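Structure first, commentary second.
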Amino acid sequence: MRILVIGSGGREHALLKGLAGHELTVAPGNAGMASLAEVRSVDVASPESVVELAKDVDAELVVIGPEVPLVAGAVDALQAAGIPAFGPTKAAAQLEGSKAFAKDVMAAAGVATARAQRVERIEEIDDALEAFGPHYVVKDDGLAGGKGVVVTLDAAEARAHAREVIEAGNPVLFESFLEGPEVSLFCLVDGETVVPLLPAQDHKRAYDNDEGPNTGGMGAYTPLPWLPEGGVDRIVDEIARPVAREMVARGIPYQGLLYVGAAWGPEGPSVVEFNARFGDPETQPVLSLLRTPLVDVLYAVATGSLDTLPPLEWEDGYAATVVLAAKDYPEHPKTGDVIAGADLDNPDVVLHAGTATKDGEYVSAGGRVLNVLGKGATLQDAVDAAYQAIKQISLEGSFYRKDIGRRAIEGEIRI
Ligand code: GLY
């Protein structure tokens, strides 16, 4: 099948790896993807540009990785051109694009989530801090690629972030803090049909022990040894399916990947956020354990036949990914430095995110540079394999977290 993947990060490299064997094009892509796909350019924010490229490569399926093209309406434009596309329409992608819309859908569907207040004026910030402290959750209400969130006990830091977001022209969302470990559960949704993938956990802070600024994600592992039995079913039954039904009832059925970010508190799962796409970096380990051909999965959703897809098959064991980040990520990532080492061209081990080539060598071109994968019979084995591989890679000034999966391995995560 001729397949066009839109995006340029580790998530899209993982999607391409899962689709290997088909005739693949990726846009805008990155340097590490060239062995799997033809790399083309595209304006991801322009549905017309995506359709033009899809027609040019005669795509039979277009898979949209990031949220920007979804929220811009790429899937609507592809559908209008008669090209099957994996991802929700512009209206349905509001589950990620508008936190107010997501809250409204959750309220109507009876889904547990944090209390929230939208603030648009700097003068309202102090009242909101008063109402929501002392554990502050302050979110950029625009699309921020997972990076616009500050969770802090420090009122001055919360105030400064809220101010910065409003001054940049976006509203701010204050939320009550949800207790409990976080789960990322990716659900394939096609109308009222919901099929969960394996549950995963991201590590959002830049440094070990969950210290430092929030990032797009510094590492992830799957599945979750600490999740109670039936935990995935609870997230599907209490969150994903009611939301899917509510979207159908509103006349905007959801077709694509619904990323449920939930905190597992004393009462069970409660929604932290929805995303309208695969998560990054959780996709990298999750898809590495999928045995069912990825093309069957994505095509079934894109063509409205998820209900006929046989149950998904998974490898036993665990997978983990560790992100190699550039110096000074996330604030001012340094780019243009040479990346050297083993397995840079082996997508079973290294998935590229922010890379380019210069004079025949890989160089850093973004904040999250590489995702290094490990698999094993136990979570410890999977994590060890990822760390063994990342140690073979050098990039001046780069860093990575040394504690991906550690709390789960040591039994420190309790419900
Ligand atoms: N892993 C966080 C995200 O994809 O938004």
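In each ligand, atom 1 is the first atom listed, and ligand 1 is the first ligand listed. Quick caveat, the model's predicted, so the values are computed rather than measured. Keep in mind that the numbers below use all heavy atoms, side chains included, and drop hydrogens, waters and symmetry copies.
In terms of N/O distances under 3.5 Å, ligand 1 is approached by Asp202.
When the options Ile64, Val297, Leu188, Leu15 are evaluated for a side chain to side chain contact (heavy atoms under 4.5 Å, CB included) with Phe86, the one that passes is Leu188. The only member of Leu227, Val183, Ile413 that meets side chain to side chain contact (heavy atoms under 4.5 Å, CB included) when paired with Gln201 is Ile413. Each of Asp280, Asn275, Thr283 was compared with Tyr259 under the side chain to side chain contact (heavy atoms under 4.5 Å, CB included) criterion, and only Asn275 meets it. The salt bridge (charged side-chain N to carboxylate O under 4.0 Å, His left out) with Glu175 is formed by just one residue from the set Arg115, Lys99, Lys103, Arg118; it is Lys103.
Against a heavy-atom cut-off of under 4.0 Å, Tyr259 is close to the following atoms of ligand 1: 1 (N), 2 (C), 3 (C), 4 (O). Atoms of ligand 1 lying under 4.0 Å from at least one heavy atom of Gly216, given by number and element, are 1 (N), 2 (C). Close approach of ligand 1 to Asn275 is summarised as follows: ligand atoms under 4.0 Å from at least one heavy atom of the residue are 5 (O).
By the 6.0 Å and 45° rule, Lys402 stacks over the aromatic ring of Tyr400.
For Gly279, the closest heavy-atom approach to ligand 1 falls below 4.0 Å. Within the 4.0 Å heavy-atom cutoff, Ser184 does not count among the residues contacting ligand 1.
Nearest-residue assignment for atom 4 (O) of ligand 1 (options Met218, Glu282, Arg277; heavy-atom criterion): Arg277.
Nearest heavy atom pair, residue Met218 against residue Tyr329, reads SD-CE2, 3.8 Å.
In Phe278, neither the side chain nor the backbone holds a heavy atom less than 4.0 Å from any atom of ligand 1.
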